[in-house]
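All heavy atoms count here, side chains included; hydrogens, waters and symmetry mates do not.
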Amino acid sequence: MISCIIIDDEPLALELLEDFISKIDFLNLIASCSNGFEATNILHSNKVDLIFTDIEMPNFSGIDIIKSLDYNPHFIFTTAYSHYAVEGFNLNAIDYLVKPIPFHRFLKAATRAQSIITEKQEFATPSIEKPSNEQEFIFVKSEYENLKVNINDIRYIEGLKDYIKIYTHKEKPILTLNSLKKFEEKLSNNFIRVHKSFIVSLNHIHSVQRNRIVIDEKWIPIGISYKTEFLKRIDF
């Protein structure tokens, strides 16, 4: 099942989309919201798979809602205005439906979303049981202090000659004197070297696009000599 939410300030539009969704067995409607403030409260506490949203709404547009989230949702715009289409697709919208929306067009967009979301879920790596003696954190020296870093928080590591940058959920990476090879030995099996300059966490991969990986909207290249092993690890 694909969890979804509707956002539209027009009651009739909400009713129509609710009816459409009820007819599609792989969609599970979590909420119908009549304004952006109500929607963002729900979306910040529930990471749904798919968002159907209008664009022009009072105070908080559909585009504003998408940009306000701290994760990358899948979404489909449902609007009466075609001139937003370019901006919508620049935000990686799955589809752009212009009102009045016929059911067959809605079904086509929903089916496309199902295909994209299912493909993404197939990339997800099953959790690996951690040996009882495996460390959950490490200490790294950065500037004049030793920082405790939870291994599960590490998104990826970038090598820079004699230094490495450790990227976590925090905005600023941790810079420390070390090499990728030595640091790799401290990491769990959830990490893999994908390039001479990058190690990534399999748990935090958002998507794989040809010769690059997306983590937190950062594009990380996949080196030719590392690609075969990486694809084996994600069972691709």
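- In this structure, CZ on Arg155 lies 10.0 Å from CG on Asn203, to the nearest 0.5 angstrom.
- When every heavy atom of His204 is checked against every heavy atom of Asn152, the shortest pair comes out as NE2-O, 2.9 Å.
- Remark: Ile222 CD1 to Arg210 CZ distance equals 12.5 Å, nearest 0.5 Å.
- For the pair Ile5 and Leu43, the minimum side-chain heavy-atom distance is below 4.5 Å.
- Interatomic distance, Ile94 CD1 to His74 NE2, rounded to the nearest 0.5 Å: 5.5 Å.
- Put simply, the side chain of Ser45 gets close to the backbone of Asn41: a donor and an acceptor are under 3.5 Å apart.
- Thr168 places no side-chain N or O within 3.5 Å of a backbone atom of Ile154 that could act as its donor or acceptor partner.
- Contact record, Ala110 with Phe26: O-CE1, 3.6 Å, taken as the closest heavy-atom pair.
- Within the model, atoms SG of Cys33 and CZ of Phe52 stand 13.5 Å from one another, a figure rounded to the nearest 0.5 Å.
- Distance check: Phe137 CZ to Lys148 NZ gives 4.5 Å after rounding to the nearest 0.5 Å.
- No side-chain heavy atom of Glu184 sits under 4.5 Å from any side-chain heavy atom of Leu180.
- The aromatic rings of Phe77 and Tyr96 stand perpendicular to each other, their planes meeting at an angle above 60°, with 30° marking the opposite boundary.
- Nearest heavy-atom pair, Met1 versus Leu27, reported as atom, atom and distance to 0.1 Å: CE-O, 3.5 Å.
- Residues Arg105 and Asp95 are paired through a salt bridge, judged by an N-O separation under 4.0 Å between the basic side chain and the carboxylate.
- Both Leu29 and Leu107 belong to a single network of hydrophobic side chains, linked directly or stepwise wherever heavy atoms of I, L, V, M, F, W or Y lie under 4.5 Å apart.
- Between Ile151 and Glu136, every side-chain heavy-atom pair lies at or beyond the 4.5 Å cut-off.
- Residues Asp54 and Thr78 bring no donor and acceptor atom of their side chains to less than 3.5 Å of each other.
- The shortest non-hydrogen separation linking Ala109 to Ile76 is O-CD1, 3.8 Å.
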Dump the intermediate steps for side-chain hydrogen bond (donor to acceptor under 3.5 Å, both in side chains) on Ser3 and Asp49, then the final yes or no.
CA-CA 5 Å; Ser3 60; Asp49 298 316; 3.2 Å; yes
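- Using a 3.5 Å distance cut-off with no hydrogens or angles, the side chains of Ser197 and Glu158 do not pair a donor with an acceptor.
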Does the pair Ile199 and Ile192 meet the rule for a side chain to side chain contact (heavy atoms under 4.5 Å, CB included), with working shown?
CA-CA 5 Å; Ile199 296 170; Ile192 185 170; 6.0 Å; no
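- For the pair Arg233 and Glu229, the minimum side-chain heavy-atom distance is below 4.5 Å.
- Other residues, nucleotides and ligands contribute at most 12 non-hydrogen atoms within 6.0 Å of the CD atom of Glu217.
- A 4.5 Å side-chain heavy-atom check between Cys4 and Ile30 finds every atom pair outside the cut-off.
- Annotation: Phe37 is in aromatic contact with Phe60 [ring centroid separation under 6.0 Å].
- Residues Ile138 and Tyr163 fall into different hydrophobic clusters, defined by Ile, Leu, Val, Met, Phe, Trp and Tyr side chains chained together at heavy-atom separations under 4.5 Å.
- Distance CZ/Phe198 to CD1/Ile164: 12.5 Å, rounded to 0.5 Å.
- In the displayed structure, Leu177 atom CG is contacted under 6.0 Å by more than 12 heavy atoms of other residues, nucleotides or ligands.
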Given salt bridge (Lys or Arg N to Asp or Glu O under 4.0 Å), test Lys99 with Glu10 step by step and report yes or no.
CA-CA 12 Å; Lys99 299 174 182 176; Glu10 299 176 8; 3.7 Å; yes
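- Here the options are Leu14, Ile51, Thr53, the test is side-chain contact (heavy atoms from CB on, under 4.5 Å), and the partner is Ile6; only Leu14 passes.
- The cluster map of Ile, Leu, Val, Met, Phe, Trp and Tyr, joined by side-chain heavy atoms under 4.5 Å apart, puts Leu175 and Phe183 in different clusters.
- Separation of the Phe191 and Tyr156 ring centroids does not fall under the 6.0 Å cut-off.
- Contact detail for Met57 and Asp9: the closest heavy-atom pair is CG-OD1, 3.6 Å.
- Using a 30° and 60° split on the angle between ring planes, Phe20 and Phe103 fall in the perpendicular class, above 60°.
- In this structure a side-chain-to-backbone donor-acceptor pair under 3.5 Å is missing from Asp216 to Lys218.
- The backbone N or O of Leu16 lies less than 3.5 Å from no partner atom in the side chain of Asp19, so there is not a single donor-acceptor pair.
- No donor-acceptor pair under 3.5 Å is formed between the side chain of Asn150 and the backbone N or O of Asp153.
- In plain terms, the two heavy atoms of Ile21 and Phe106 that are nearest each other are CG1-CZ, 3.8 Å.
- Neither Tyr226 nor Val200 shares a network with the other; the hydrophobic side chains, linked directly or stepwise wherever heavy atoms of I, L, V, M, F, W or Y lie under 4.5 Å apart, form separate groups for each.
- No continuous path of hydrophobic side-chain contacts links Val214 to Ile205 [ILVMFWY only; heavy atoms under 4.5 Å].
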